[in-house]
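In listed order, ligands and their atoms are each counted from 1.
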Amino acid sequence: MLGLEDLEIGIMFWARQDARETIREVKAFGVRAGQLGFPGELPLEGAGERWDEALTSEHFVAVTAVCSYAGEDYTDIPTVARTVGLVLPDTRAERIARTKAVSDIARQLAIDSIACHIGFIPENPKEPVYKEIRDVARDICDYCRENGESFTLETGQEPAKVLLRFIEDVDRKNLKINFDPANMILYGTGDPIEALDVLGKLVVSVHCKDGDWPVRDNPAALGVEKPLGEGSVDIPAFISKLKEIGYRGILSIEREERAAEQRAADIRKAIALLERLR
Ligand code: MG
């Protein structure tokens with residue numbers, strides 16, 4: 001495997017059926033590492049072999065396997081609560097199975113970290129669903145441990161202290177955090193730089209993403225994602241805080257803009273910004 005530099009710039013990208021073509025598009029940005037997302041709709045049959053061959057031949061390093069689930073919808077907060085992650089009883093079993101399947105693929109690819117949005121963790125640990133999700137997290141952590149992996153929760157859907165208490169309650173050493181500073185702003189759950197003081201020791205990967213706070217008069221609204229450096233995260237402060245806490249992993253640029261050309265332009269600008277800051 002390629003040796004990566006500390007704070008090397010990478011990209012969060014989603015697998016398509018053609019693994020080589022997917023990687024070549026990412027490499028066209030001049031990066032050699034990233035986080036490999038498996039969309040919920042993507043068939044996983046044969047994916048381990050295909051991606052192993054493609055990553056090796058393209059000399060590309062995937063540091064995280066990101067798992068999303070069919071039927072997830074990030075339109076607004078109630079829709080996220082109704083569709084995202086492992087909280088919902090109707091889809092829980094199939095999504096746990098999907099997460100374990102992605103964990104098995106990651107093992108084939110020598111990726112030692114799995115990430116997902118688990119869904120909204122209740123602030124009140126006495127709510128019955130809290131214990132259910134805690135047990136789900138334990139189950140997945142134990143599965144990932146057998147595969148030599150950590151299981152990482154992405155930040156954003158709850159305040160840092162709620163996430164920290166949950167992780168302590170799950171009580172598994174391989175439960176970690178994929179830190180997305182923009183999500184904390186988009187969901188209005190707290191200042192991301194302050195959150196790093198609370199969660200820093202658990203952070204094994206980060207998304208470099210930016211965004212603005214939701215409008216105040218609509219509690220259902222999410223904030224709006226922005227090109228890196230143009231939102232409310234304070235990217236220079238974010239990178240300097242990562243250095244302060246001793247983070248050494250990749251800086252994984254995540255841009256969810258739908259228009260392909262705009263997305264590519266935003267990623268190139270993000271790379272230039274991070275080159276100056278890292
Ligand atoms: Mg993210």
Report task. Give the C-alpha distance, both sets of side-chain angles, the deciding distance and a yes or no for salt bridge (charged side-chain N to carboxylate O under 4.0 Å, His left out) between Asp266 and Lys269. Result -> CA-CA 5 Å; Asp266 291 346; Lys269 275 167 71 180; 5.0 Å; no
Query raised in the report: Which of parallel (below 30°), tilted (30 to 60°) and perpendicular (above 60°) describes Phe238 and Phe179?
Result: parallel
Query raised in the report: Which of the N/O/S atoms in Glu254 sits closest to the Mg ion (ligand 1)?
Result: OE1
**Report entry** Nearest to the Mg ion (ligand 1) - the N/O/S atom of Asp180, by atom name
**Finding:** OD2
Query raised in the report: the Mg ion (ligand 1) as vertex, arms to ND1 of His207 and OE2 of Glu154: angle to 10°?
Result: 100°
Report task. Answer with yes or no whether the side chains of Glu154 and His207 bring together a donor and an acceptor at under 3.5 Å. Result -> yes
Query - Any side-chain heavy-atom pair of Phe166 and Leu153 under 4.5 Å - result: yes
